[in-house]
Amino acid sequence: MRTRIGQALHAALEKRFPEKRLFLRSDEQTRFIRLKPETQLLAWTGSTLIVGWTIIATAVLLMDSIGAGNFRAQAQRDKMVYEERLNALSAERDVRLAEAVAAQNRFSTALEQISIMQTELLRSEDRRRELETGLDVVQSTLRRTMMERTETQERLASLETALEDGNGGAIGGAATDELTGTVDILAAALADTAEERDMIAADAEFALGHAAELEARIEQMDQRNDEIFRQLEEAMLVSVEPLDDMFRAAGMDPDNLINQVRRGYSGTGGPLTPLSFSTMGGEPDADGLRANAILNSMDRINLYRIAAERAPFDMPVKSDFRFTSGFGQRWGRLHAGTDFAAPIGTPIYATADGVVTSAGWSSGYGRLIKIQHEFGIETRYAHLNRINVQVGQRVSRGDRIGDMGNSGRSTGPHLHYEVRVGGNPVNPMIYIRAGRDVF
């Protein structure tokens with residue numbers, strides 16, 4: 001049975017691959033190589049496999065080349081989009097800066113107007129006080145004049161009575177003449193007194209009318225002051241609350257932060273000195289309290305600005321990079337920082353002023369730099385390729401402190417960046433976003 005099957009296969013192969021002989025002739029003899037159908041089938045199969053493998057390999061290489069070209073083109077497009085976004089963010093930052101400058105100018109103008117209005121208010125109070133004093137003098141003079149007029153009328157009545165009694169002969173002609181002269185003098189004095197009383201009454205009426213006009217003007221000025229104060233209070237509220245929330249989210253107590261900055265900058269005087277609207281040396285009135293509250297808010301914003309200049313509100317990598325891992329739980333453990341991936345040798349910069357407390361190899365961190373900043377803040381820069389600073393060296397924001405690398409426990413070139421407040425890790429993106437959006 002096997003022989004029949006073999007013979008049938010051999011016959012089928014001979015039809016497709018007939019037996020051939022390859023003659024090899026030399027000077028002495030002639031030889032030949034017999035190529036059986038089975039041999040030809042093996043040769044043909046091997047050649048087909050080689051050609052097929054060659055075609056497939058060539059196609060794979062071409063596809064890889066095309067895919068790599070597409071990947072590079074996509075990377076180039078992503079880079080262009082990222083640069084456009086950076087330009088847009090930069091333009092938006094410039095617009096926000098211009099708005100902040102304009103707001104500062106408007107606030108300065110409003111503060112000058114408040115100072116002018118305060119001066120006018122003090123002058124109005126002085127004039128009102130002078131008018132009140134003048135009215136008191138006029139009233140006392142008027143009362144004295146009325147008393148003198150009453151006394152004069154009484155004396156005149158007594159003299160008239162004496163004159164009538166003098167007709168009986170008790171008083172002589174010389175006495176009558178003397179009394180008549182006295183009456184004339186008293187009548188003239190009474191007329192002068194009445195005229196002076198009328199003038200004083202007119203002056204008092206004019207003073208009362210002028211005082212009412214001044215009170216109306218003071219009321220209008222109070223309304224304008226209240227509107228200005230209300231606008232300034234709203235502006236301060238909108239400006240201060242986001243800063244409080246930002247520093248609180250960054251793991252810092254805003255009040256403690258403000259106190260630390262104030263202790264370092266404890267000089268007094270100048271436009272932010274508390275105002276006093278009282279001319280008697282007593283407690284400030286409501287306007288004084290509101291103005292002092294606004295000045296305190298301005299001082300708080302200024303202290304926040306000083307704190308922001310000393311906190312790490314900056315990017316450690318300024319070249320092109322890619323975020324590869326953020327702050328949070330990863331593989332069941334806390335990833336206490338943010339990873340920035342870029343080529344080896346990419347410059348790394350300090351994000352704030354501070355003092356280098358560590359610069360060397362540190363287990364899984366690889367080459368590590370630690371910088372201690374103010375307010376108990378520490379930044380860490382890990383997996384570096386090169387370190388350009390030494391322990392104890394003071395660095396400033398923007399100083400190049402090292403180069404990106406792949407040292408330590410790392411799967412590729414990147415920077416592991418940490419921010420710690422009081423030894424506790426905080427999400428670095430809080431500071432980076434605050435640096436972009438607020439400052």
Practice prompt. Check whether any side-chain heavy atom of Ile401 lies under 4.5 Å from a side-chain heavy atom of Asn388, and answer yes or no.
Written response: no

Worksheet item: Would the number of heavy atoms belonging to other residues, nucleotides or ligands and lying under 6.0 Å from CH2 of Trp361 be above 12?
Response: yes

Discussion item. I'd like to know whether Glu418 forms a salt bridge (charged side-chain N to carboxylate O under 4.0 Å, His left out) with Arg420, so could you lay out the CA-CA distance, the side-chain angles of the two residues, the decisive distance to 0.1 Å, and finally the verdict.
Written reply: CA-CA 7 Å; Glu418 291 185 13; Arg420 293 175 178 259; 2.9 Å; yes

Worksheet entry | Spacing of CZ belonging to Phe340 relative to OG belonging to Ser319, to within rounding of 0.5 Å | 12.5 Å

Discussion item. I need the Met315 CE to Thr338 OG1 distance, nearest 0.5 Å.
Written reply: 9.5 Å

Worksheet item: Are Pro425 and Leu334 side-chain neighbours, meaning at least one heavy-atom pair lies under 4.5 Å?
Response: yes

Practice prompt. For the pair His416 and His335, name the ring-plane relationship: parallel under 30°, tilted 30 to 60°, perpendicular over 60°.
Written response: perpendicular

Item to complete: Look at atom CZ of Arg322 and say whether more than 12 heavy atoms of other residues, nucleotides or ligands are closer to it than 6.0 Å.
Response: no

Fill in: Shortest non-hydrogen separation from Ile387 to Arg367 and the atoms involved
CD1-CB, 3.9 Å

Item to complete: Could you walk me through whether Leu49 and Val51 pass the side-chain contact (heavy atoms from CB on, under 4.5 Å) test, one step at a time?
Response: CA-CA 6 Å; Leu49 292 175; Val51 172; over 6 Å; no

Discussion item. Counting only heavy atoms not in Glu99 (residues, nucleotides, ligands), do more than 12 fall under 6.0 Å from its CD?
Written reply: yes

Fill in: Asn385 side-chain N/O to Asp403 backbone N/O, donor-acceptor pair under 3.5 Å
no

Item to complete: Evaluate the side-chain contact (heavy atoms from CB on, under 4.5 Å) criterion for residues Gln393 and Val355: first the C-alpha distance (whole Å), next the side-chain angles of each, then the deciding distance (0.1 Å), finally the verdict.
Response: CA-CA 6 Å; Gln393 179 178 345; Val355 179; over 6 Å; no

Worksheet item: Thr379 versus Tyr417: any side-chain heavy-atom pair under 4.5 Å?
Response: yes

Worksheet item: Any side-chain heavy atom of Met429 sitting closer than 4.5 Å to one from Phe323?
Response: yes

Worksheet item: Is there a side-chain contact between Leu368 and Leu384, using heavy atoms and a 4.5 Å cut-off?
Response: no

Worksheet entry | Rounded distance [0.5 Å steps], CZ in Phe321 versus CE in Met404 | 8.5 Å

Worksheet item: Where is the tightest heavy-atom contact between Asn406 and Gly412, given as atom of each residue plus distance?
Response: OD1-O, 2.9 Å

Worksheet item: When rounded to the nearest 0.5 angstrom, what is the spacing between OG1 in Thr346 and CD1 in Ile344?
Response: 9.0 Å

Item to complete: Search all heavy atoms of Phe327 against all heavy atoms of Ala336 and return the closest pair with its distance.
Response: CD1-C, 3.5 Å

Item to complete: Check Val419 against Pro312 and note the closest heavy-atom contact, atom names and distance.
Response: CG1-CG, 4.4 Å

Worksheet entry | Parallel, tilted or perpendicular: ring planes of His414 versus His383, cut at 30 and 60 degrees | tilted

Worksheet item: Of the non-hydrogen atoms in Pro413 and Pro343, which two are nearest, and what is the gap between them?
Response: CB-C, 4.5 Å

Worksheet item: Could you give the distance from CG (Asp353) to CG (Asp399), rounded to the nearest 0.5 Å?
Response: 8.0 Å

Practice prompt. Go through the side-chain N and O atoms of Arg85 and Asn87 and say whether any donor and acceptor fall under 3.5 Å apart.
Written response: no

Response to the item:
Residues Leu415 and Ile348: closest non-hydrogen pair is CD2-CD1, 3.8 Å

Worksheet item: Nearest 0.5 Å, what's the OH-CG distance between Tyr349 and Asp314?
Response: 11.0 Å

Worksheet entry | Note: Arg380-Glu378 ion pair, threshold 4.0 Å (strictly below) | yes

Item to complete: Starting from the C-alpha separation in whole Å, work towards a yes-or-no answer on side-chain contact (heavy atoms from CB on, under 4.5 Å) for Thr351 and Tyr431.
Response: CA-CA 10 Å; Thr351 55; Tyr431 291 86; over 6 Å; no

